[in-house]
Amino acid sequence: MGEETARPEPPGPRVRETPLPGVGVRYDFVTGRGERVAIVHHRTGRRQLVLYEKEDPDCARDSVELEERDSRTLAELLGGAGVAHELTKLQQSVEGLAIDWLPVIGGTAYAGRTIGDTRARTRTGSSIVAVLRGDLPYPSPGPDFLLEPADTLVVVGTPRGIEALRQILQSP
Amino acid sequence: MTPATFLIELGAVILSLAVLARLATRVGFSPIPLYLAAGLAFGQGGLLPLVTAEEFIRTGAELGVILLLFMLGLEYSIDELTRSLRTSAPAGIADLVLNFTPGLLAGVLLGWGVVGGVVLGGITYMSSSGVIAKLLDDLGWTANLETPVILAILVIEDLLMAVYLPVLAALTRGGDLGGGLASLMIAAGAVSVILVLSKRFGSTFSRLVFNRSDEVLLLSIFGITLAVAGIAERIHVSAAVGAFLVGIALSGPAADRARMLLAPLRDLFAAAFFVFFGLRVDPAAIPPVLATAAALAVVTSLTKVSSGWWSARRIGVGRRGRWRAGAALIARGEFSIAIAALGVAGGVDGRLGPVAAAYVLILAVAGPIVARVIDPVMARRTRPSRPVAATAKPAGTEG
């Protein structure tokens, strides 16, 4: 029993990201009980929580429209702030791993460039695991993700690697 | 012409459009076919021919096409365009081959020549992004698994139109196929250069244009769009394509605000555009071509359903979703009319206007209806036979 609790939690379901040109982005995953759930981020800021038909798993059965504040409330109720929570757990379980929050400052080299352009992983061994923009977190940003001034990057790596990345981000 | 009669006439036209748009929203349909019908009624040989307002509506119609295409470009980012091309090129090719060919053949068989065929091919090829976007939203299909492929097909159609329009312009100017090919090269070159430029400098451009004052932003964007459209027309790339590319280059906050600020302008002038097309068509010319238009509508509905069906199957969508994808794409609308307007202006056969008007009237109405009924029909056909136990309800739940 004691060993059972020490085992790390299995990874969450794989979230699939599908761009909907002209509309926004759809994120969907299949729950542990085999039901598909999707969130559609409309470009207008509107969010849609979608459930699918049992007989026709391609077709939306029902959807709930969420305004920005509704999404926040829902995320909190579901035990949101998931990224930060998972990170703290990760930090405790892997020795030598550091997590830091690095700002993107306007006028520096990478404000207005993509994450891929920083080549953070190749040059410093650290990973950008999330971007905080305004009130909204963008977990697992891809290499195409465009960095904007005043973004905050959540970075995981060795303390030395993170320091190197901080230098890179500050370069003019 | 006195200003008073002009104002009264224009007011009456816009008011009747308002009534029609209200009717369309009530029934849940696109107002495009109703605007076209209104144009038929106001034109020569119609119920209430206009006397003084036609000139203004003509100018409005020109702005209407430009704004339609500008807003279309605004809908998409460069990344969405390139990604759609990368992931859905086979779907785009199937869509082009299956839906351009019937129009092309029909045009040639009707004796309109190759140019007439190319015009009619464009008319049958382009689905209506406007009607379909609204349809997907109304039916709650936005999150469906087949929807990305529907949207990708629309994106590819729009991108191909940016290459098609200049070619069409060259052909209707009286060039031969060689001249058409030359302008195809020029257009494709210009479009690619602008796409590359806007990928590199689009965000800088958008930052420069952006202003906190809505007034400044509206005037800057409208001014830039019209000027670029004019320059594009001057170098024979077509005004509509110039406007489309400006829309693509804009991104970020400037694009978000532009969408809100220019949408009302687009609605006003696009309405003028549809009315103007209807004005130029003599209603008496429609009945003789109705059979042709209807036959073309039936054939090209079937080809749209096939290409949509196949494209959805390609990405692993189930049976019902394939039918939904096919049916959603049937609707034709604004772009078919835009292409027909170019053909009419270019002096293609006199039957082009009436055929295009009847064709779009049929499919802008029938497309959404087919999409609405196809899913319940297919659900009934594909539903597995229910086990007997499921029908036996426990006592006391009914009544």
Side-chain angles (χ1 to χ4, degrees), chain A residues 16-30 35-66 106-107 110-117 133-134 141-151, chain B residues 71-77 79-85 87-88 129 132-133 136-137 139-156 158-159 203-204 207 251-253 255-256 259-260 312 315-325 375 378-379 382-384 386:
Chain A
R16 202 163 50 149
E17 178 184 336
T18 315
L20 301 174
V23 178
V25 186
R26 184 189 72 209
Y27 299 91
D28 66 301
F29 67 94
V30 177
E35 275 193 275
R36 185 189 297 281
V37 176
I39 303 282
V40 180
H41 285 211
H42 289 260
R43 229 180 11 206
T44 50
R46 175 180 143 208
R47 300 278 187 273
Q48 235 181 330
L49 173 64
V50 185
L51 304 174
Y52 288 83
E53 301 246 15
K54 291 241 166 51
E55 287 178 359
D56 177 11
D58 301 337
C59 186
R61 159 166 52 116
D62 220 338
S63 73
V64 183
E65 298 281 323
L66 301 167
Y110 293 99
R113 309 260 308 264
T114 64
I115 286 186
D117 289 340
R133 178 173 296 165
D144 312 341
F145 192 95
L146 199 62
L147 298 176
E148 289 180 2
D151 282 352
Chain B
M71 294 294 283
L72 182 73
L74 213 48
E75 289 294 312
Y76 306 127
S77 68
D79 290 337
E80 285 174 336
L81 291 177
T82 45
R83 202 194 307 240
S84 297
L85 272 181
T87 59
S88 307
S129 301
I132 293 170
L136 294 176
D137 204 42
L139 295 179
W141 288 0
T142 310
N144 283 10
L145 257 61
E146 73 275 7
T147 298
V149 81
I150 299 176
L151 295 172
I153 287 177
L154 294 178
V155 172
I156 294 176
D158 300 337
L159 204 53
S203 55
T204 318
R207 259 202 305 280
S251 60
D256 292 339
R259 251 178 239 125
M260 296 177 62
I315 59 162
V317 171
R319 286 176 189 286
R320 280 173 59 186
R322 295 174 204 165
W323 287 105
R324 280 193 301 267
D375 200 40
M378 286 304 152
T382 56
R383 181 168 296 172
R386 286 185 174 281

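Chain A is the first sequence line, chain B the second, and so forth, proteins listed ahead of strands; every chain is numbered from 1.
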- So, B:Arg320 side chain and A:Pro57 main chain: donor-acceptor pair closer than 3.5 Å or not? no

- Straight-line distance of B:Thr142 OG1 to A:Arg46 CZ, nearest 0.5 Å: 6.5 Å

- So what's closer than 4.5 Å to chain B heavy atoms on A:Thr18: side chain, backbone, both or neither? side chain

- Query: Most heavy-atom pairs under 4.5 angstrom with chain B, which of A:Val40, A:Asp58, A:Asp144?
  - Reply: A:Asp58

- Examine distances only and state if a side-chain atom of A:Tyr52 and a backbone atom of B:Ala143 form a donor-acceptor pair shorter than 3.5 Å. yes

- Message: Need one label for A:Arg61: side chain, backbone, both or neither, based on atoms under 4.5 Å from any heavy atom in chain B.
- Response: neither

- Which atoms of A:Arg16 approach chain B - backbone, side chain, both or neither, heavy atom under 4.5 Å: side chain

- Query: So do the side chains of A:Glu53 and B:Asn144 get within less than 4.5 Å of each other, counting heavy atoms only?
  - Reply: no

- Query: If you count heavy-atom pairs under 4.5 Å between each of B:Arg324, B:Met260, B:Glu146, B:Arg83 and chain A, which one has the most?
  - Reply: B:Arg324

- Item | Under 4.5 Å from a heavy atom of chain A, the part of B:Ser84 involved | side chain

- Separation between CG (B:Asp375) and SG (A:Cys59), nearest 0.5 Å, reads 5.5 Å

- Winner by heavy-atom pair count (cut-off under 4.5 Å) against chain B, out of A:Val50, A:Asp62, A:Leu20, A:Val23: A:Leu20

- Message: Is B:Asp137 in contact with chain A via its backbone, its side chain, both, or neither, using a 4.5 Å heavy-atom distance?
- Response: side chain

- Message: Could you report the tightest heavy-atom contact between B:Leu145 and A:Arg36, atom names first, then the distance?
- Response: CD2-NH2, 4.0 Å

- For the student: nearest non-hydrogen atoms of B:Val155 and A:Pro21, plus distance: CG2-CB, 3.5 Å

- Could you tell me whether A:Asp56 and B:Arg322 make a salt bridge, using a distance below 4.0 angstrom between a side-chain N and a carboxylate O? no

- Query: For B:Val317, is it the side chain, the backbone, both, or neither that has a heavy atom closer than 4.5 Å to a heavy atom of chain A?
  - Reply: both

